[in-house]
Amino acid sequence: MKRYRHYKKDKAVILSCFGSVIEQQLYTDLLKDMQNEFEGVDFFLSFSSRMVLKDLHKRGLEYKNLAQVLADVDMLGYKNIVVASINLFPTDEHELLIRTVEGFKHFSMANIRYTKAIINKTKETSLMLKALNENISEDGRANLFVIHGVPVLNLAGLASVSYTEEFLKLLSDNNYTCSLEGAFPWYAVKEPLIDRMKQNGITKVQVVPMLLVSGNHYIKDMVEISDELAEHFNSRIVPSITKSDRFNLIELDSVRSVICKNIAEEIKKLGCK
């Protein structure tokens, strides 16, 4: 086909992220790390949060959503494109990614694939969660893992959320879970959770944000939860174990490893070297 003669560049990877108003640099750092990991592959960033995109535009930073970046990369003439899902769970944001890619395939001549979400395969997920628990746990201090969650119970991907919760609680009797706006939200379960901690002899607890990028949720929700726990226990938000002041899953080596594996798998399926 005549149109295909314009596709002269080999391969590109688009990191499809939600975005963050106050932690945007973490995504830029991820982009640089992935570029170093995959030599000869061009990387691009896209963001799905319109609020984040509007804020970035106000600051003079030109970023786009996935559909726009796909159009740009296609226009640049990349024959092979991988859209990397930088989403913790395969829920609503990941489903939007799939619909966007599948729709774009109808009129683009490029070979396009998308990766799985980060928490998808049982082996990688189990190893990642085990490493997380080992890295942040302290003797005598309970962990309250706070998952963002989704506000509906019939959404695709909820099995991965449930597995994460159950696996973390299985790792230790001192592990507890709740969500911000999903199943078992903090506002609805805090009283029985606090009672259970007291019954189990807990005196110290730390709040662990199960968020790729904590952002505003750290400043508002995690602080609020920790303050409410402080009325009953010695409470804190888990200290960062990376270079950032705040705790963000996206910086952990175990999470980065899963992202790399997912990208490498789809590049291989494209038939690229």
Side-chain angles (χ1 to χ4, degrees), residues 6-78 80-88 91-101 103-104 107-108 110 112 114-115 117-118 148 180-181 209 211-224 237 240 242-252 255-256 259-260 262-263:
H6 298 290
Y7 290 81
K8 297 180 179 179
K9 295 186 178 182
D10 186 17
K11 51 185 173 288
V13 175
I14 302 171
L15 302 180
S16 180
C17 317
F18 183 76
S20 172
V21 171
I22 64 174
E23 297 278 19
Q24 195 65 18
Q25 186 60 41
L26 294 178
Y27 293 114
T28 303
D29 292 343
L30 176 66
L31 178 74
K32 292 177 181 176
D33 285 351
M34 293 299 107
Q35 286 174 329
N36 292 332
E37 194 73 29
F38 294 90
E39 189 175 347
V41 180
D42 295 329
F43 276 78
F44 300 85
L45 275 174
S46 73
F47 299 102
S48 61
S49 170
R50 293 199 175 193
M51 182 182 70
V52 169
L53 287 170
K54 288 178 180 178
D55 179 80
L56 292 171
H57 290 167
K58 286 178 183 177
R59 289 189 266 155
L61 299 172
E62 284 299 318
Y63 286 100
K64 301 178 181 180
N65 63 31
L66 177 57
Q68 292 171 313
V69 176
L70 271 169
D72 289 344
V73 171
D74 178 86
M75 190 65 184
L76 288 170
Y78 285 92
N80 301 290
I81 303 170
V82 170
V83 177
S85 180
I86 312 303
N87 297 292
L88 196 58
T91 48
D92 50 347
E93 293 298 328
H94 182 72
E95 287 295 307
L96 174 61
L97 179 156
I98 294 173
R99 292 196 302 271
T100 303
V101 171
F104 206 83
F107 52 84
S108 173
I112 311 172
Y114 55 85
T115 74
I118 294 167
H148 185 279
L180 293 178
E181 58 178 56
L211 304 167
L212 275 180
V213 176
S214 296
N216 283 325
H217 285 304
Y218 186 102
I219 295 172
K220 181 184 177 183
D221 301 300
M222 302 305 158
V223 170
E224 182 179 312
I237 301 176
S240 174
T242 61
K243 62 183 179 180
S244 295
D245 293 333
R246 301 188 183 102
F247 183 87
N248 298 284
L249 291 177
I250 200 170
E251 295 183 280
L252 301 183
V255 174
R256 285 282 216 274
I259 294 172
C260 285
N262 287 346
I263 293 173

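All heavy atoms count here, side chains included; hydrogens, waters and symmetry mates do not.
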Exercise: identify the closest heavy-atom pair between D29 and K243
OD2-NZ, 3.9 Å

Is the backbone N or O of A67 less than 3.5 Å from a side-chain atom of N65, with the two atoms forming a donor-acceptor pair by type?
yes

Kindly give the heavy-atom pair with the smallest separation between T115 and H94, and that separation in Å.
O-CE1, 3.3 Å

Salt bridge between K9 and D42, side-chain N to carboxylate O under 4.0 Å?
no

Residue pair D10, N80: steps toward the side-chain contact (heavy atoms from CB on, under 4.5 Å) verdict:
CA-CA 6 Å; D10 186 17; N80 301 290; 3.3 Å; yes

Heavy-atom neighbours of D245 CG exceed 12 at 6.0 Å
no

So does A110 get a backbone contact from the side chain of S108, meaning a donor-acceptor N/O pair under 3.5 Å?
yes

In the structure I gave you, are the side-chain heavy atoms of F104 and V83 within less than 4.5 Å of one another anywhere?
no

Show your reasoning for whether side-chain contact (heavy atoms from CB on, under 4.5 Å) applies to V13 and M34.
CA-CA 9 Å; V13 175; M34 293 299 107; over 6 Å; no

For the pair V82 and F38, evaluate side-chain contact (heavy atoms from CB on, under 4.5 Å) and give the outcome as yes or no after the intermediate values.
CA-CA 12 Å; V82 170; F38 294 90; over 6 Å; no

Distance col, row D92:CG vs L97:CG, nearest 0.5 angstrom, shows 12.0 Å

Under the side-chain contact (heavy atoms from CB on, under 4.5 Å) criterion, do V213 and R246 qualify, and how do the steps go?
CA-CA 9 Å; V213 176; R246 301 188 183 102; over 6 Å; no

Checking S214 side chain against F247 main chain: does a donor-acceptor pair fall under 3.5 Å?
yes

Looking at Q24 and S20, would you say the former's side chain and the latter's main chain have a donor-acceptor pair under 3.5 Å?
yes

Under 30°, 30 to 60°, or over 60°: which ring-plane class applies to H148 and H217, parallel, tilted or perpendicular?
perpendicular

Tightest non-hydrogen contact, residues F47 and L53, listed as O-CD1, 3.5 Å

Kindly compute the distance separating CD1 (I259) from CZ (R256), expressed to the nearest 0.5 Å.
6.5 Å

R50, CZ: over 12 other non-hydrogen atoms inside 6.0 angstrom:
no

Residues L45 and V69: closest non-hydrogen pair is O-CG2, 3.5 Å

Sequence-distant partners of F18, ring-ring contact (aromatic ring centres under 6.0 Å, His included), two or more places apart:
none

Could you pull out the closest heavy-atom pair between V52 and G19, with the gap in Å?
CG2-C, 3.6 Å

Measure the spacing between CG of D72 and CD1 of I14 and express it to the nearest 0.5 Å.
8.5 Å

Would you say S16's side chain and S85's backbone share a donor-acceptor pair under 3.5 angstrom?
no

Distance from L66 atom CG to R99 atom CZ, nearest 0.5 Å?
11.5 Å

Rounded to the nearest 0.5 Å, what's the gap from CG on L26 to CG on L31? Could you check?
13.0 Å

If I compare all heavy atoms of L212 with all of I86, which pair ends up nearest, and what's the gap?
CD1-O, 3.4 Å

From CG (L88) to CD1 (I250), nearest 0.5 Å
10.0 Å

Looking at side-chain heavy atoms only, is the closest gap between L15 and Y27 below 4.5 Å?
no

Given side chains that start at C-beta, do those of Y218 and I22 come closer than 4.5 Å, heavy atoms only?
no

